[in-house]
Number of protein chains: 2
Amino acid sequence: MRIDDIELVRGLSLFAEMEQQNFDALMHAAYLQQFPPQLQLINEGDPADFLHVLIEGRVELFGTAKGRESALFVMHPPSTFILAAVLKDAVHLMSARTLATSRVLLIPASNLRQAFKSDAAFAHSILLDLADSYRGVVKTLKGQKLRTSLERLANYLLLQNDIQGAMGRIDLAIDKKTLASLLGMTPENLSRGFSTLSAYGVSVDGPRITLSKLEDLHQLAKPDSLIDDPAN
Amino acid sequence: MRIDDIELVRGLSLFAEMEQQNFDALMHAAYLQQFPPQLQLINEGDPADFLHVLIEGRVELFGTAKGRESALFVMHPPSTFILAAVLKDAVHLMSARTLATSRVLLIPASNLRQAFKSDAAFAHSILLDLADSYRGVVKTLKGQKLRTSLERLANYLLLQNDIQGAMGRIDLAIDKKTLASLLGMTPENLSRGFSTLSAYGVSVDGPRITLSKLEDLHQLAKPDSLIDDPAN
DNA sequence: CGTTTGGTTGATAGGAATCAACTTCAGTGG
DNA sequence: CCACTGAAGTTGATTCCTATCAACCAAACG
């Protein structure tokens, strides 16, 4: 494992407060692996053996049932995922696949649980991380139950705009099929959503999107800080 | 606070492992209050000042946006809610109201955070409780994105049947309007859902429901342990 | 009683999925 | 170099699911 990767991990809020010796032990037990795109890392229903830390790339968490599939979250580095399953020593509720070439740090569940027991600061960080995750799902659920798909799309664009520097220009980090699934719609519907939004200054050129009437788009989307604000 | 209430709280997995002295301190700082039905306990956006422990009654957690409202969870005693917001010292993402006369134990957030810092076993319990909550939301989200409303209804009935003794007879603990909202549908649609399910042996008499063709209902619902099984 | 509240039923409209065809474009291989 | 191929995305037509609007019913309650 490279020095700067270790520093990256160390910089994650989850690990930042940990005692050095515990951190070292954890890193010693961990594996850093690189995966090609579209590789399934996790199959829902399988036991959670490793905490995953996404160092580089992009990972989709998705759920399946009755032959259907839906994207639930898209993880961007650096971040951890499937923390809850590992802590509970339970099976995965979500599957995961890479969307791009990705480097993932795999920390054995037993080591994680041990570190968590012996390091109060680490336990505290885990708790905050999990609380953030929890609130993230709640926000997603609210968006899903309280908004139409067009509103979800509009809010997604506005949020991306903020994240990407509020220049009125954004690049979709994920392909449209995945975006559609993430927003709870079909690819066809997403496409129609974009054309509906052209009246609100949204123009699409492949993965490049420009927002020329932010006021109008705001008006339509009516962003809600309790759904869209990542700081909450 | 009555002795048996204290014992009830002590019996919650969240508090069971706590050191006695810390538990006593926490209980000493807490308030037990009784609320009438339909009283709003929490307004989303407000700061989370108290951890709520539902001792008796029924509480609905719901979200609002753009004038719409949707039930997200219905809490049954004994259970805690809004743990994440309290831990993070953040604002509430969900509102809460009583559905019935309810007794709720209110534990000041600062005391909770302090107890959590000084009691490792308690921290561990909190973590597991939060992990459970997290997985609960994920399951709800999966149900919402992967199922039709009729499937959600069918699975809800099957789950209630299991919980209530698998006698093929269940009592709705919440009124149909709230149930509709919880399942992500309108009251009208819920009513139609029930009549559609009559072909699957579901008959409704007010809050009393009988399931006479469990096989058929199963066939339709196709329960998924990664969505419906509370043990996961 | 009349009135309210919760629930049902019917008619209609709207949102979203599905099915199908077509375009574009990148990658492949002759 | 250029025809193939396949993936991604778009567009159109249609169906299906769900919400909305409206009327109605019945039990509950003052």
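Proteins get letters first, then strands, A, B, ... in listed order; numbering begins at 1 in each.
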Show each protein N/O and nucleotides 17-24 of chain D N/O combination with a separation under 3.5 Å, one pair to a line.
residue, atom, partner, partner atom, Å
dT18(D), OP1, Ser149(B), N, 2.9
dT18(D), OP1, Ser149(B), OG, 3.4
dT18(D), OP2, Ser149(B), OG, 2.9
dA19(D), OP2, Thr186(B), N, 3.2
dA19(D), OP2, Asn189(B), ND2, 2.9
dT20(D), O4, Arg192(B), NH1, 3.4
dC21(D), N4, Glu188(B), OE2, 3.2

Atom [atom1] of [X] to atom [atom2] of [N]: distance rounded to whole Å?
{"X": "Leu190(A)", "N": "dT18(C)", "atom1": "CG", "atom2": "C1'", "result": "16 Å"}
{"X": "Gln144(A)", "N": "dA16(C)", "atom1": "CD", "atom2": "C1'", "result": "12 Å"}
{"X": "Phe194(B)", "N": "dG6(C)", "atom1": "CZ", "atom2": "C1'", "result": "13 Å"}
{"X": "Lys177(B)", "N": "dG6(C)", "atom1": "NZ", "atom2": "C1'", "result": "9 Å"}
{"X": "Ile174(A)", "N": "dA8(D)", "atom1": "CD1", "atom2": "C1'", "result": "14 Å"}
{"X": "Asp205(B)", "N": "dG7(C)", "atom1": "CG", "atom2": "P", "result": "13 Å"}

Residues in salt bridge (charged side-chain N to carboxylate O under 4.0 Å, His left out) contact with Asp162(B), at least two apart in sequence or another chain: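 Testing Asp162(B) for salt bridge (charged side-chain N to carboxylate O under 4.0 Å, His left out), a comparison that skips the adjacent residues, returns none.
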Check: Asp205(A) side chain, Arg208(A) main-chain N or O, donor-acceptor pair, under 3.5 Å: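 Answer holds: no.
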dT10(D) OP1/OP2 closer than 4.0 Å to side-chain N/O of Lys176(A):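 The answer is yes; a side-chain N or O of Lys176(A) sits under 4.0 Å from OP1 or OP2.
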In plain terms, say whether Asp132(B) and Lys88(A) are close enough for a salt bridge, that is, a side-chain N and a carboxylate O under 4.0 Å apart.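 Lys88(A) and Asp132(B): salt-bridged.
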Distance to the ring centre below 6.0 angstrom and angle to the axis at most 45 degrees; does that hold for Arg97(A) and Phe62(A)?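 That pair qualifies as a cation-pi contact.
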Could you verify whether a donor N or O on one side chain and an acceptor N or O on the other, from Thr98(B) and Gln38(B), lie under 3.5 Å apart?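 No, no side-chain donor-acceptor contact under 3.5 Å.
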Rounded to the nearest 0.5 Å, what's the gap from OG on Ser133(B) to CZ on Phe73(B)? Could you check?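 Atom-to-atom, Ser133(B):OG and Phe73(B):CZ are 8.5 Å apart.
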